[in-house]
Each structure stands twice: as C-alpha cells, then as structure tokens.
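All remarks here apply to the structure that follows.
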Amino acid sequence: VQLQASGGGLVQAGGSLRLSCAASGRTFSNSNMYWFRQAPGKEREFVAAITWSSGNTYYQGSVKGRFTISRDNARNMGYLQMNSLKPEDTAVYYCAADRSFVALRITLSQDYWGQGTQVTVSS
C-alpha cells in the first residue's frame with residue numbers, strides 16, 4: 001500500500017498549486033483521505049480531509065476558503081487545490097489515508113502516509 005504525493009513547488013504569494021496524491025496497492029474509495037503539512041521547526045498539522053462515506057470536507061481555519069480537497073475514487077486519487085497562497089503556507093505537505101470504513105480522525109493517527117511534497121511560497 002503506497003501513497004505518492006506530488007505537485008509541490010515554488011510559487012509567489014497569491015499564486016496557486018494543485019497537489020495530487022496517488023494511491024496504490026488497494027482501493028481507497030472506502031477510506032478517508034487527508035492532507036497534513038509540516039513547516040520547518042514546527043509540528044505536523046492537519047490541513048484538510050474528505051470522508052469516504054459522504055464526501056464531506058473539513059479544513060483547518062487558516063486555509064478555509066483558499067484550499068479545496070477532492071478525490072477521484074475511480075482513479076484512486078486525492079487532490080488539494082491551493083489558491084491565494086501565503087508565505088506561511090510554506091511546508092512539506094503529506095497526504096494520508098485511513099484504513100477502510102473508519103470515522104474521520106483529525107489527529108495524527110492515519111494508517112497510510114505519503115512521502116511529502118515541498119511547497120514554498122515566496123513573498
């Protein structure tokens with residue numbers, strides 16, 4: 001079971017990036033999917049989540065209205081569209097997923113993790 005995050009890069013403040021998370025090894029259509037991030041010297045923090053059951057979405061307050069999480073179950077893919085990026089969004093972004101049929105967990109307790117992709121926002 002693997003998660004592969006991609007799409008990071010260097011962007012100016014106000015710009016946009018779209019992160020992708022490719023899942024392989026099993027279907028993730030029954031799993032909640034998440035994005036977390038970790039800035040230098042800081043703890044890893046929750047960014048966004050999308051449930052497997054209803055497709056409901058949840059966001060950290062600082063990204064609400066700027067970031068959009070989505071998923072394509074047919075392709076076993078997750079996405080994070082990031083608009084109006086700010087320098088404080090600079091971090092390594094990780095995708096994560098639960099095992100099947102569990103409730104959403106905002107804490108750092110997911111079952112599967114990707115390797116992370118660097119997002120750098122310049123001012």
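Numbers here are sequence positions counted from 1.
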For the side chain of T90 and the backbone of T120, is there at least one donor-acceptor N/O pair under 3.5 Å apart?
no

Hey, could you give me the OG/CG distance between S53 and N30, rounded to the nearest 0.5 Å?
9.5 Å

Hey, could you give me the CZ/OH distance between F36 and Y93, rounded to the nearest 0.5 Å?
13.0 Å

Using a 4.5 Å cut-off on heavy atoms from C-beta on, say whether the side chain of R71 contacts that of M77.
no

Hey, could you give me the CZ/CG distance between R37 and L80, rounded to the nearest 0.5 Å?
9.5 Å

State, to 0.1 Å, how close T27 and S29 come at their nearest heavy-atom pair, and which atoms those are.
OG1-OG, 3.2 Å

Please name the pair of heavy atoms, one in S122 and one in L10, separated by the smallest distance, quoted to 0.1 Å.
CB-CD1, 4.4 Å

Could you tell me whether the side chain of M33 reaches within less than 4.5 Å of the side chain of C21, counting heavy atoms only?
yes

Verify same cluster id: I106, V63 (apolar side-chain graph, 4.5 Å):
no

Value rounded to 0.5 Å, distance of CD in E88 from NZ in K42:
8.5 Å

Does R18 make a cation-pi contact with Y79 (under 6.0 Å, within 45 degrees of the axis)?
yes

Test side-chain contact (heavy atoms from CB on, under 4.5 Å) on F67 and L17 and set out the steps.
CA-CA 10 Å; F67 291 11; L17 282 174; over 6 Å; no

V119 side chain reached by M82 side chain, heavy atoms, under 4.5 Å:
yes

Taking Y59 for its side chain and R66 for its backbone only, find out whether a donor-acceptor pair lies under 3.5 Å.
no

Heavy atoms only: give me the nearest L3-A97 pair and the separation to one decimal.
CD1-N, 3.7 Å

The reported gap from NZ in K64 to OH in Y58 (rounded to nearest 0.5 angstrom) is 11.0 Å

Judged by modelled atom types alone, do S16 and N83 share a side-chain donor-acceptor pair under 3.5 Å?
yes

Would you kindly check if the NZ (Lys) or CZ (Arg) of R44 is within the cone defined by 45 degrees around the ring axis of W113 and under 6.0 Å from the six-membered ring centre?
yes

Proximity of F28 and Y112 rings by center, below 6.0 Å:
yes

Is it true that R26 and S31 share a donor-acceptor pair across their side chains at a distance under 3.5 Å?
yes

Can you get from Y94 to V47 by hopping between Ile, Leu, Val, Met, Phe, Trp and Tyr side chains that sit under 4.5 Å apart?
no

Atom CD of residue position Q2 - does it have more than 12 heavy atoms of other residues, nucleotides or ligands inside 6.0 Å?
no

When the ring planes of Y34 and F46 are compared, do they come out parallel, tilted or perpendicular, using 30° and 60° as the limits?
perpendicular

Taking a hydrophobic cluster as the set of Ile, Leu, Val, Met, Phe, Trp and Tyr residues connected by side-chain heavy atoms closer than 4.5 Å, whether directly or through intermediates, do I50 and V102 fall within one such cluster?
no

Quick check against the 3.5 Å criterion: does S84 have a side-chain atom that pairs as donor or acceptor with the backbone of G14?
no

Closest approach of A13 to S123 (non-hydrogen atoms, all atoms of both residues)
CB-CA, 4.3 Å

Quick one: does Q115's side chain have a donor or acceptor within less than 3.5 Å of a partner on A5's backbone?
yes

Output for pair (R105 CZ, D111 CG), nearest 0.5 Å, gives 5.0 Å

Check: N32 main-chain N/O paired with T51 side-chain donor or acceptor under 3.5 Å
no

